[in-house]
Amino acid sequence: MLKGFKDFIMRGNLVELAVAFVIGIAFAAVVTSLVDNIIMPLIGKIGGQPDFSGIEVADIPVGQFINDFVAFLIISAAVYFLVVVPYNKFNEKFRKGDEIDATPPDIALLTEIRDILSADTAGGTAGGGNHSA
């Protein structure tokens, strides 16, 4: 029974998932700090402190939800523009140098056969032999 547990814990994908989870939590803290300590104060200097917590609709306090939703939008924009866009540009630049012929081998072989057959019919036999069926 302990061997099965050990095998379960030591699976590569479980360890990778755990590492990704820990890094994700740390990254979330960095992004939250960026929004709370840099972006929100900049917004506050431009248009006043953004706080909707006092808003109520029909005696239902919806202000904190609005605060959380605005923070979510700002965090999403920060992650997109500061992580996703540069990452995609880096990948695009990196992959340009590594491009190889993407023609599958079976298609390349069929193309070669087609070229040989068209050479046979156009100007006699190519390769010194008769390829007729």
Side-chain angles (χ1 to χ4, degrees):
M1 182 165 57
L2 290 177
K3 182 185 180 319
F5 179 72
K6 178 185 166 199
D7 292 342
F8 172 74
I9 293 297
M10 297 308 290
R11 281 187 189 162
N13 55 358
L14 183 64
V15 173
E16 290 170 3
L17 180 63
V19 169
F21 182 75
V22 170
I23 289 175
I25 289 173
F27 184 70
V30 169
V31 171
T32 301
S33 177
L34 171 72
V35 170
D36 290 345
N37 298 317
I38 296 174
I39 295 175
M40 290 301 254
L42 287 174
I43 292 172
K45 288 183 187 270
I46 293 170
Q49 185 60 31
D51 184 15
F52 305 103
S53 60
I55 296 176
E56 290 186 5
V57 174
D59 293 330
I60 299 173
V62 295
Q64 187 58 46
F65 172 76
I66 295 172
N67 279 346
D68 294 340
F69 185 73
V70 169
F72 167 75
L73 291 176
I74 292 171
I75 288 171
S76 299
V79 168
Y80 179 75
F81 290 112
L82 298 176
V83 176
V84 174
V85 169
Y87 177 77
N88 287 341
K89 287 188 182 204
F90 174 77
N91 263 347
E92 182 180 309
K93 211 178 224 186
F94 180 71
R95 292 183 190 238
K96 278 185 183 177
D98 290 344
E99 286 183 7
I100 57 172
D101 184 18
T103 306
D106 54 345
I107 301 298
L109 182 61
L110 289 171
T111 304
E112 186 178 331
I113 293 169
R114 181 203 62 205
D115 294 344
I116 291 170
L117 289 174
S118 85
D120 281 349
T121 58
T125 60
N130 189 357
H131 298 287
S132 60

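Quick note: numbers below take in every heavy atom, side chains included, and nothing from hydrogens, waters or symmetry partners. Residues: numbered from 1 along the sequence shown. If you're wondering where the values come from, they're calculated on a predicted model, not measured in any experiment.
A pairwise comparison of heavy atoms in I39 and A78 identifies CD1-CB, 4.2 Å as the closest pair.
Linking ILVMFWY residues whenever their side-chain heavy atoms come closer than 4.5 Å, directly or via other members, places I74 and L42 in the same cluster. Under a hydrophobic clustering in which Ile, Leu, Val, Met, Phe, Trp and Tyr are joined whenever their side-chain heavy atoms come within less than 4.5 Å, directly or via other members, V31 and I25 fall into different clusters.
At least one side-chain heavy atom of L82 sits less than 4.5 Å from a side-chain heavy atom of L34.
Using a 4.5 Å cut-off between side-chain heavy atoms of Ile, Leu, Val, Met, Phe, Trp and Tyr, F72 falls into a hydrophobic cluster with F69, L73. Grouping Ile, Leu, Val, Met, Phe, Trp and Tyr by side-chain contacts under 4.5 Å, direct or through others, leaves I46 on its own.
By the salt bridge (charged side-chain N to carboxylate O under 4.0 Å, His left out) test, K89 pairs with no residue at all, sequence neighbours left out. I66 is linked by a side-chain contact (heavy atoms from CB on, under 4.5 Å) to F52, I55, V62, V70, counting only residues two or more places apart in sequence or in another chain. The side chain to side chain donor-acceptor pair (under 3.5 Å) search around N91 returns Y87, not counting sequence neighbours. Under the rule for a side-chain contact (heavy atoms from CB on, under 4.5 Å), F65 has no partner lying at least two apart in sequence or in another chain.
The side-chain hydrogen bond (donor to acceptor under 3.5 Å, both in side chains) analysis of residues 62-85, with sequence neighbours excluded, yields the pairs D51-N67, Q64-D68. Here side-chain hydrogen bond (donor to acceptor under 3.5 Å, both in side chains) pairs that include residues 33-43, with residues two or more places apart or in two chains, are S33-N37.
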Could you pull out every donor-acceptor pair under 3.5 Å between side chains of residues 108-116 and any protein atom, sequence neighbours left out?
from: T111; atom 1: OG1; to: I107; atom 2: O; distance (Å): 2.8

